[in-house]
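Computed over heavy atoms, backbone and side chain alike; hydrogens, waters and symmetry mates excluded. Heads up: numbering here begins at 1 and tracks the sequence. Please read all numbers here as calculations on a predicted model, not as lab measurements.
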Amino acid sequence: DTGKTDPVEKPEVTYPQYLTELKSTDTYTETPVYIMNEETDRRVYCIETVPADLGDGKVPLIIYVHGGNGDATSLIALPENLAESGFAGITFECCGANKFSPKSDGKEIYSSHYTSRISDLEAVIEHAKTLDYVDTDKIYIYGQSYGGLVCMMDAPYHNDDIQGMFLESTGLTEDGSMVTATGNGVVDKYLPPEDYESFMTEFTKDVLIFCSQEDETGAHENGAYTATVYESRAEGETKFYSYKGGMHSFSGFEKEAKEDVYRIITAYITTGEILEQGENT
């Protein structure tokens with residue numbers, strides 16, 4: 001007898017893997033969850049924000065895609081506020097995006113290519129469609145900055161199950177420099193054709209674009225250009241909202257602009273109406 005004990009076999013983890021609840025308020029509950037991107041074999045960290053008065057009903061859902069080196073909390077203010085309108089939300093950390101304290105797998109692919117992020121978004125969409133509280137006829141996507149590019153290049157695959165797209169502080173550069181076939185983390189199947197502008201206009205649902213005029217990245221000009229691309233479609237409405245002042249991130253929008261975004265999204269999801277921009281924004 002060597003005195004050694006056999007190693008304890010670790011139980012197999014199945015996904016989705018729900019973790020300890022993050023926050024609960026009078027209007028929403030936030031729960032972190034790991035899902036598996038079967039295409040890349042990487043775990044994707046998500047936060048599900050669910051209205052507190054959910055009951056047994058089904059509610060609209062918005063999936064949020066952060067920009068640059070963001071994470072699952074970068075856009076969390078949006079689902080937290082829109083929970084008051086009865087909408088659920090999923091934010092997630094794109095694999096390879098968060099280099100310093102990653103919760104998703106794929107740190108080695110930083111900066112991740114946008115097609116890798118599209119693959120993560122695909123996994124989140126499929127997860128969302130399995131949730132018993134989600135009205136699968138009312139799923140929307142919201143992309144900020146680089147996340148907007150991810151949404152624009154993924155939306156054409158989802159005319160049947162995405163009912164509309166919100167873009168914030170984002171847009172195409174006219175020279176196409178944002179849409180590149182190179183980079184660490186390329187998932188070839190999501191590379192668009194050379195005429196990517198025609199490809200993106202295959203998304204036939206409505207597109208609402210929110211930009212601040214003082215955005216130092218040039219996103220306001222790019223967003224305006226992107227609106228003209230979508231306006232060329234035979235199907236689907238396009239609306240460009242140009243707000244005073246503000247910065248690149250939604251947290252840097254002026255208070256009145258933030259409230260206007262909430263108002264417009266709420267009306268659109270609730271009634272299908274595309275409102276005009278508020279007078280004082």
Side-chain angles (χ1 to χ4, degrees), residues 24-31 46-65 75-92 121 124-125 127-144 147-148 151-152 154-155 158-170 203-211 223 227 230-231 233 235-243 250-251 253-281:
S24 183
T25 73
D26 290 341
T27 55
Y28 63 83
T29 298
E30 288 176 353
T31 308
C46 310
I47 299 174
E48 295 181 19
T49 303
V50 180
D53 58 351
L54 185 63
D56 297 326
K58 294 183 180 291
V59 297
L61 172 79
I62 306 173
I63 299 171
Y64 300 86
V65 188
L75 295 169
I76 200 70
L78 284 143
E80 288 180 349
N81 279 275
L82 288 168
E84 296 184 17
S85 298
F87 308 152
I90 298 180
T91 60
F92 67 99
L121 174 56
V124 174
I125 291 171
H127 169 65
K129 289 158 65 176
T130 69
L131 297 173
D132 57 8
Y133 62 82
V134 171
D135 181 348
T136 54
D137 291 329
K138 287 194 171 184
I139 296 178
Y140 304 82
I141 54 176
Y142 183 115
Q144 189 268 341
C151 289
M152 285 184 271
D154 191 43
H158 292 287
N159 276 312
D160 291 336
D161 48 17
I162 297 297
Q163 300 308 309
M165 179 164 61
F166 309 109
L167 301 173
E168 177 241 306
S169 301
T170 191
F203 181 62
T204 60
K205 304 298 177 60
D206 300 334
V207 178
L208 279 58
I209 306 173
F210 310 101
C211 291
Y230 279 118
E231 285 166 355
R233 299 177 298 165
E235 294 182 73
E237 296 296 320
T238 306
K239 187 73 172 178
F240 179 67
Y241 297 91
S242 174
Y243 291 114
F250 187 74
S251 61
F253 274 36
E254 295 188 353
K255 181 176 182 291
E256 293 80 3
K258 291 179 185 177
E259 292 175 350
D260 204 49
V261 172
Y262 297 141
R263 178 184 69 93
I264 289 165
I265 291 177
T266 296
Y268 180 73
I269 293 179
T270 304
T271 69
E273 182 182 3
I274 300 177
L275 299 182
E276 294 298 322
Q277 183 171 330
E279 292 183 3
N280 298 320
T281 60

task: Over all heavy atoms of both residues, which pair between Ser24 and Thr29 is shortest? Give the atoms and the distance, please.
output: OG-OG1, 3.5 Å
message: Please check this pair: side chain of Lys205 against backbone of Asn159, looking for a donor-acceptor N/O pair closer than 3.5 Å.
response: yes
- line: Ala128 meets the side-chain contact (heavy atoms from CB on, under 4.5 Å) criterion, sequence neighbours left out, with Leu61, Ile63, Ile90
- line: On a heavy-atom basis, the closest approach of Cys211 and Gly223 is SG-CA, 4.1 Å
Test side chain to side chain contact (heavy atoms under 4.5 Å, CB included) applied to Tyr133 and Glu48, step by step: CA-CA 11 Å; Tyr133 62 82; Glu48 295 181 19; 2.8 Å; yes
task: Enter the distance from Leu275:CG to Leu208:CG here, rounded to the nearest 0.5 Å.
output: 9.0 Å
- line: In short, Gly86 meets Pro51 closest at the heavy-atom pair C-CG, 3.7 Å
task: Answer yes or no: is there a donor N or O on one side and an acceptor on the other, between the side chain of Asp135 and the main chain of Pro60, under 3.5 Å?
output: no
- prompt: Which residues pass the ring pair (Phe, Tyr, Trp, His ring centres under 6.0 Å) test with Tyr142, sequence neighbours left out?
  reply: Tyr64
message: Would you say His158 and Gln163 are linked by a side-chain donor-acceptor pair, where the criterion is simply a distance under 3.5 Å?
response: no
- prompt: When rounded to the nearest 0.5 angstrom, what distance separates CD1 in Ile209 from CE in Met165?
  reply: 7.5 Å
Residues that Ala77 engages under side-chain contact (heavy atoms from CB on, under 4.5 Å), provided they are two or more places apart: Asn81, Tyr262
query: Tell me, which pairs form a salt bridge (Lys or Arg N to Asp or Glu O under 4.0 Å) where one or both residues lie in residues 269-281, sequence neighbours left out?
result: Lys239-Glu276
query: Once you round to the nearest 0.5 Å, how far does CD1 of Ile125 lie from CG of Leu121?
result: 4.0 Å
message: I'd like to know whether Val134 forms a side chain to side chain contact (heavy atoms under 4.5 Å, CB included) with Val59, so could you lay out the CA-CA distance, the side-chain angles of the two residues, the decisive distance to 0.1 Å, and finally the verdict.
response: CA-CA 5 Å; Val134 171; Val59 297; 5.8 Å; no
Under 3.5 Å: donor-acceptor pair, side chain of Gln277, backbone of Ser242: yes
- line: Rounding to 0.5 Å, atoms CD1 (Ile139) and NZ (Lys129) come to a distance of 7.0 Å
- line: Across all chains, not counting sequence neighbours, the ring pair (Phe, Tyr, Trp, His ring centres under 6.0 Å) partners of Tyr28 are none
query: Is there a side chain to side chain contact (heavy atoms under 4.5 Å, CB included) between Asp206 and Tyr140 once you walk through the steps?
result: CA-CA 10 Å; Asp206 300 334; Tyr140 304 82; over 6 Å; no
- prompt: How many angstroms lie between atom NZ of Lys58 and atom CG of Leu131, to the nearest 0.5 angstrom?
  reply: 9.0 Å
- prompt: Which value, rounded to the nearest 0.5 Å, describes the distance between Asp260 atom CG and Ile265 atom CD1?
  reply: 10.0 Å
Flag, side chain of Thr270 to backbone of Ala267, donor-acceptor distance under 3.5 Å: no
message: For a 4.5 angstrom cut-off between non-hydrogen side-chain atoms, does Phe87 reach Thr49?
response: no
Sub-4.5 Å side-chain heavy-atom contact between Ser169 and Phe253: yes
- prompt: Looking at side-chain heavy atoms only, is the closest gap between Ile76 and Glu30 below 4.5 Å?
  reply: yes
task: Could you check whether the rings of Tyr243 and Tyr241 sit parallel, tilted or perpendicular, using 30° and 60° as the cut-offs?
output: parallel
- request: Please confirm whether the backbone N or O of Arg263 pairs with a side-chain atom of Thr266, one donor and one acceptor, at under 3.5 Å?
  value: no
Partners meeting side-chain hydrogen bond (donor to acceptor under 3.5 Å, both in side chains) with Thr27 (sequence neighbours left out): Thr25
query: For the side chain of Arg233 and the backbone of Glu237, is there at least one donor-acceptor N/O pair under 3.5 Å apart?
result: yes
message: Could you check whether any side-chain N or O of Lys258 sits under 3.5 Å from a backbone N or O of Ser251, counting only pairs where one atom can act as donor and the other as acceptor?
response: yes
message: Using side-chain heavy atoms (C-beta onward) and a distance below 4.5 Å, is Phe210 in contact with Ile264?
response: yes
field: Derivation of the side chain to side chain contact (heavy atoms under 4.5 Å, CB included) call for Cys46 and Thr91
entry: CA-CA 6 Å; Cys46 310; Thr91 60; over 6 Å; no
